[in-house]
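Just so it is clear, the values below take in all heavy atoms, side chains as well, and ignore hydrogens, waters and symmetry mates. Quick caveat: nothing in here was measured; it's all calculated off a predicted structure. Chain letters run A, B, ... following the sequence lines, proteins first and then strands; every chain starts at 1.
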There are 4 protein chains.
Amino acid sequence: MLNRVILVGRLTRDPDLRYTPNGVAVANFNIAVNRPFTDANGERTADFINGVVWRRQAENLANYMKKGSLIGVDGRLQTRTYEGQDGKTVYVTEVVADSIQFLESKSSQSNQSNHTQSNNNQGYGNQGNSNPGFDNQEQYAGAYEGTNMGGQGEPIDISDDDLPF
Amino acid sequence: MLNRVILVGRLTRDPDLRYTPNGVAVANFNIAVNRPFTDANGERTADFINGVVWRRQAENLANYMKKGSLIGVDGRLQTRTYEGQDGKTVYVTEVVADSIQFLESKSSQSNQSNHTQSNNNQGYGNQGNSNPGFDNQEQYAGAYEGTNMGGQGEPIDISDDDLPF
Amino acid sequence: MLNRVILVGRLTRDPDLRYTPNGVAVANFNIAVNRPFTDANGERTADFINGVVWRRQAENLANYMKKGSLIGVDGRLQTRTYEGQDGKTVYVTEVVADSIQFLESKSSQSNQSNHTQSNNNQGYGNQGNSNPGFDNQEQYAGAYEGTNMGGQGEPIDISDDDLPF
Amino acid sequence: MLNRVILVGRLTRDPDLRYTPNGVAVANFNIAVNRPFTDANGERTADFINGVVWRRQAENLANYMKKGSLIGVDGRLQTRTYEGQDGKTVYVTEVVADSIQFLESKSSQSNQSNHTQSNNNQGYGNQGNSNPGFDNQEQYAGAYEGTNMGGQGEPIDISDDDLPF
DNA sequence: TTTT
DNA sequence: TTTT
């Protein structure tokens, strides 16, 4: 059934990249999407939305985006439940991203310190081919991702083919 | 910021219509949106998504749709928190509908009993004018709503103006 | 870049199914999407939007939907130009469907004559396997398609696996 | 009926701001939306999509965005026809924007000359109140618009209330 | 348990 | 705490 979510927002923390036992990359993230209106107290508010993305796009997200980065997300809304530490069922609603567009590169962001390695994706030698044979149409969605390493303060869309992996 | 959700799904229960202290109608609902694929066990699964809709559309939803009805939803994704009965913070993600399209009328549904009044919207004398001066553009979104009282088993889109209130 | 279109509308004519020289199925269609408001003369109007869909979904669309059928479309907006018969450039904007949801089956529609074969998809012996090895993720999108051969006047979502090809 | 389009792209020319005889602002624009894949020749291609936006957002678009600016668009797909100079009917498909998000301000763009007044919105004394009483919910959509006059090369979302008109 |  |  029709199920489509499109968001533009800022990462509220660095993406959390992990690998399944089978070596498939998956990144969890949370973005703040500012509301177009102020609340009763005249404060601007935001919605804080959880998302998940898989495979190469997960790795790209973790490698190029960090807390504060602006991204566009095109995906589906999914729900799941799990048992909380207190034994109660917890209900989760999150966006499973089909594609993520980088609207602002790390290097175009101001408070660039880089002495802290906030990137939580270090040293998995098998990243490059953790997803062999990923040559179907879904790949194209992956190419939504753009990035920009030049720091000229401007988002650029580049193809997956141009990314360094 | 861009925040858009579009869903087609079936109500998992009758819509829950209430009124704010100021007399503004608001309906909560939950829809099952079938996933386009089967899970690991070959089972078709669904996402169960909560939604909210306001004013006239809330009343229309409660009046014309019920558990099992198929609807289309166009809205925004919002998050909020509240304190659970155990004092813990509960996180809620739900769709705030800008417009709802009725894709199947009550009368076109099969197990039509109608001896049970499952409709939980009875006898609020102020419904009709609970939203005076609602004559702005947002009204047009309201007109997304279609309904169909003839029971010919076919969705019809009609304007708010054609609805009996 | 983000590019997403979601529509619900009725086919203004039977889908036009063709095959590329390589045997890939492609269906062109046009849907009327009713506007949520009336025009200056109080008339309800519609937008008439062209769409294209590929492969198995093209065949399903042609096989199960016809003029008047209600469908949901999730896709991308694309533009192209061609040279008209008068030598002038013609600009085309159309939706390339990633997935199509059948919201009303042929059999649930009223003026069912069936003595005319309005279906323009006849006798291509190779349909069934015109797309061998179509077993990637894009397939799941295909499973958005539902159909309903029972004629009980109600849309049903079934998996591609349940379709007779 | 459901009709939703979401795009992120760059203006291919300066927005064209005009006023109706009644003094209502309307801006036409065209954006290039890069496709996520390369064509048969390995070239990256784009779709060139026409859009329209009304009232305050039209004025904001013309005042703050120019050729090359990156914007997000949330709207509806509409079609219309007109008679061409050769007497033939021309079919137009365009996006009517409900809201536009500024993802890059003029000042954050590099080739900033500003000695040419590319802004085609000059001196209409009635702009400020061309839309009296525009204080309904649709206004909030207007607040999607962000801009950024500081030139720090970073998109900012601000409320309509913060805009200098 | 929040971004700018 | 789930629809068909």
- Message: Taking the minimum atom-to-atom distance to the side chain of A:R10, which one of E:dT1, F:dT2, E:dT4 wins?
- Response: E:dT4
- Query: Please give, in whole Å, the distance from F:dT2 P to B:F29 CZ?
  - Reply: 19 Å
- Task: Could you pull out all residues at least two apart from A:E94 that satisfy side-chain hydrogen bond (donor to acceptor under 3.5 Å, both in side chains)?
- Result: A:R80
- Message: Let's see if you can work this out: which of E:dT3, F:dT4, F:dT1 has an atom nearest to the side-chain heavy atoms of B:N34?
- Response: F:dT4
- Query: Rounding to a whole Å, what distance do you find between B:N30:CG and F:dT4:C1'?
  - Reply: 14 Å
- Query: Separation of A:L2 atom CG from F:dT3 atom P, in whole Å?
  - Reply: 21 Å
- Verify, without hydrogens or angle tests, whether A:E83 (side chain) and A:V90 (backbone) share a donor-acceptor contact under 3.5 angstrom. no
- Rounded to the nearest Å, what distance is computed from the CG atom of residue B:N28 to the C1' atom of nucleotide F:dT1? 14 Å
- Task: List for me each residue that meets side-chain hydrogen bond (donor to acceptor under 3.5 Å, both in side chains) alongside A:N28, sequence neighbours excluded, and say none if there are none.
- Result: none
- Looking just at side-chain N and O atoms, do A:T45 and A:D39 make a donor-acceptor pair shorter than 3.5 Å? no
- Query: Considering only F:dT1, E:dT1, E:dT2, which nucleotide approaches the side chain of A:Y91 most closely?
  - Reply: F:dT1
- Note on the structure: A:R35 CZ to E:dT2 P, in whole Å, measures 15 Å
- Figure out the CG/C1' separation between B:D47 and F:dT1, and round it to whole Å. 14 Å
- Proximity to the side chain of A:R13 - top-ranked nucleotide from E:dT1, E:dT3, F:dT1: E:dT1
- Task: Could you state the atom-to-atom distance from NZ of B:K67 to P of F:dT3 in whole Å?
- Result: 5 Å
- CE of B:M1 versus P of E:dT2: gap in Å, rounded? 17 Å
